[in-house]
Amino acid sequence: MGCANGKCCSRDSSTSDEDSGHHQRGIRPYKNKDGLTQRSLELVHVPSHNFTLQYSSLTQNGYYPDTTDRENQDSFCIKTQIQGNPNVHFFGVFDGHGQYGAQCSNFVKDKLVEILSSDPTLLDDPLKAFNSAFLATNSELRDSEIDDALSGTTAITVLVVGDTLYVANVGDSRAVIAVKDGDRILAEDLSVDQTPFRKDEYDRVKLFGARVLSVDQVEGLKDPDIQHWGDEESHGGDPPRLWVPNGMYPGTAFTRSVGDSTAEKIGVIAVPEISIVRFTPSHLFFVVASDGVFEFLSSQTVVNMAAAYKDPNDACAAIAGDSYKRWLELENRTDDITIIIVQIKGLSNSGVGTTDSEVHSRPCQIGGSMNQSTAIVPPLMHQRPLESDMG
């Protein structure tokens, strides 16, 4: 969810150096080619644990009937062999918003991986490196020629280091991993959307003086004193948004982002929440996507669809097509849609130290300020992150 004046739109950008199912009846690859960019199937070997990542990506311009030439504000980055290391690979999706959202998302997707790639501490302390990269990228965007007062980008990023997955997130895009459990394939969220629907995030931005109101409340159609909005799935059409104490802006529906210097004054921060997962043979693939995908599709639905295809190209197309269709059924427009699917091929017990899903969760204190900390989030929606960045 973006700004109050509508979902914000993307430019395709990327830097790149087990059979999960079968074709499912009723699901066909995406056929709408307008504003669509899809990369061919690629793969990269991870020699440290002798498995392969097979991946594809797709980005689709949103449809806005009043501005049919509106720029796609999503961007994505796939960079393999970070620092020349064949075991380190980066995948990220960036959902821009505001007047300069495309510029923001493209700046951040380039700068973030550049900073990570040049950090000599990356492999010694990936948590600290990820946190520092987000904060430095936010600072460099602020100092650039791009006006980020009312523009910015969300960022959902995945760093593969050998058999370990580090997921750093700001905003409401999402990463999810598919886990084989007997005859079932289950979706486990690797990130938790950062919105005012979350009590911890609501409480944090309130400490910075943010007013949290839906558009109907701001316009006087609903009681502004009611400070509960149900859950995101059932009340996503008019979500709670952040407003300055005495103004009708910025109206962000997320509580963390890169950029958004005006919203930063009321608690919108670029500090990522980070989850860590160690791959096991039960992990089949992971998905990284903008909220153009997850607005109307649950994580489990996305995993079910991705599991129906051997080829991640076809899976990306099917998910994008269904997302696009749902948008048009429920709205008079669509959001930009961007998705990366990464299949995990050939991982065996001999290459890992455990056969159980292992999630590490520990806070990482950066510097002397509590606002410079990283919350480590276990990849389960019902398990909230440890918050230590209260202002």
Side-chain angles (χ1 to χ4, degrees), residues 15 46 53 75-85 87-95 105 107-142 152-177 189-194 254-259 268-279 286 288 340 342 358-367 369-379 385-389:
T15 55
V46 182
L53 300 175
S75 65
F76 67 89
C77 175
I78 299 172
K79 186 172 179 62
T80 60
Q81 301 190 11
I82 298 287
Q83 297 184 352
N85 190 320
N87 303 305
V88 184
H89 313 288
F90 178 90
F91 305 87
V93 168
F94 307 86
D95 183 354
S105 71
F107 180 94
V108 171
K109 67 94 182 168
D110 288 334
K111 185 61 64 174
L112 183 65
V113 75
E114 174 189 316
I115 293 173
L116 274 175
S117 298
S118 62
D119 189 337
T121 72
L122 175 62
L123 298 183
D124 295 328
D125 194 343
L127 299 179
K128 184 175 181 180
F130 238 151
N131 188 90
S132 297
F134 269 81
L135 296 176
T137 299
N138 189 59
S139 179
E140 294 209 23
L141 176 60
R142 188 71 35 83
T153 185
T154 67
I156 178 68
T157 61
V158 175
L159 184 70
V160 177
V161 182
D163 68 342
T164 304
L165 201 65
Y166 297 87
V167 182
N169 179 53
V170 294
D172 56 2
S173 295
R174 191 179 302 174
V176 59
I177 194 164
D189 287 302
L190 297 170
S191 61
V192 183
D193 297 356
Q194 297 150 352
F254 44 79
T255 55
R256 302 191 189 208
S257 70
V258 182
V268 175
I269 57 176
V271 178
E273 293 179 325
I274 301 176
S275 63
I276 310 169
V277 174
R278 191 173 185 186
F279 284 141
F286 60 88
V288 187
I340 301 171
V342 183
E358 181 177 329
V359 181
H360 303 270
S361 176
R362 66 177 178 86
C364 176
Q365 184 69 36
I366 308 295
S369 169
M370 292 298 285
N371 279 335
Q372 304 299 306
S373 65
T374 302
I376 312 303
V377 188
L386 304 173
E387 281 294 344
S388 56
D389 56 357

Report task. Could you tell me whether the side chain of Ser139 and the main chain of Leu135 form a donor-acceptor pair under 3.5 Å? Result -> no
Query raised in the report: Distance-only, no hydrogens or angles: does the Asp189 side chain make a donor-acceptor pair with backbone N or O of Val192 under 3.5 Å?
Result: no
Query raised in the report: Do Leu190 and Ser275 have side-chain heavy atoms sitting under 4.5 Å apart?
Result: yes
Report summary line: On a heavy-atom basis, the closest approach of Ala136 and Ile115 is CB-CD1, 3.8 Å
Report task. Report the residues that fulfil ring pair (Phe, Tyr, Trp, His ring centres under 6.0 Å) with Phe286, sequence neighbours left out, ordered by chain and then residue number. Result -> Phe91
**Report entry** Residue pair Leu141, Val258: steps toward the side-chain contact (heavy atoms from CB on, under 4.5 Å) verdict
**Finding:** CA-CA 8 Å; Leu141 176 60; Val258 182; 4.1 Å; yes
Requested in this report: Go through the steps to decide whether Leu53 and Val46 satisfy the test side-chain contact (heavy atoms from CB on, under 4.5 Å), and finish with yes or no.
Outcome: CA-CA 7 Å; Leu53 300 175; Val46 182; 4.2 Å; yes
Query raised in the report: Less than 4.5 Å apart, any side-chain heavy atom of Asn131 and any of Pro272?
Result: yes
Query raised in the report: Taking the side chain as C-beta and beyond, is there a heavy-atom pair between Ile340 and Val93 under 4.5 Å?
Result: yes
Query - Pairwise distance CD(Glu114) to SG(Cys77) - rounded to 0.5 angstrom - result: 11.0 Å
Report task. Could you tell me whether the side chains of Thr154 and Ser257 share a donor-acceptor contact shorter than 3.5 Å? Result -> no
Report task. Determine yes or no for a side-chain-to-main-chain donor-acceptor pair under 3.5 angstrom, with Ser173 supplying the side chain and Ile156 the backbone. Result -> no
Requested in this report: Quickly, which of Val167, Leu127, Leu159, Val161 forms a side-chain contact (heavy atoms from CB on, under 4.5 Å) with Ile276? Name it, please.
Outcome: Leu127
Query - Test item: Glu273 and Ser191 side chains (from C-beta on) under 4.5 Å apart, heavy atoms - result: no
**Report entry** Side-chain heavy atoms of Val158 within contact of Leu165, under 4.5 Å
**Finding:** yes
Query - Inter-residue atom distance His89.NE2 - Thr80.OG1, 0.5 Å rounding - result: 6.5 Å
Query raised in the report: Do Val271 and Arg256 have side chains that get closer than 4.5 Å, going by heavy atoms?
Result: yes
Requested in this report: Quick one: closest heavy-atom pair of Ser117 and Val113, and the distance?
Outcome: OG-O, 2.7 Å
Query raised in the report: Does any N or O in the side chain of Gln194 come within less than 3.5 Å of the main-chain N or O of Phe254, such that one atom is a donor and the other an acceptor?
Result: no
**Report entry** Interatomic spacing from CG in Asp95 to OG in Ser75 - rounded to 0.5 Å
**Finding:** 9.0 Å
Requested in this report: Give a yes or no answer on whether the side chain of Ser132 reaches the backbone of Ala129 with a donor-acceptor pair at less than 3.5 Å.
Outcome: no
Requested in this report: Please step through side-chain contact (heavy atoms from CB on, under 4.5 Å) for the pair Phe279 and Val160, ending with a clear verdict.
Outcome: CA-CA 10 Å; Phe279 284 141; Val160 177; 4.1 Å; yes
Report task. If the plane angle is over 60° it's perpendicular, under 30° parallel, otherwise tilted; pick one for Phe130 and Phe134. Result -> tilted
Query raised in the report: Do Ile82 and Leu116 have side chains that get closer than 4.5 Å, going by heavy atoms?
Result: no
Query - Spacing of Glu140 atom CD and Leu112 atom CG [to the nearest 0.5 Å] - result: 10.5 Å
Query - Close side-chain approach of Leu122 and Gln83, heavy atoms under 4.5 Å - result: yes
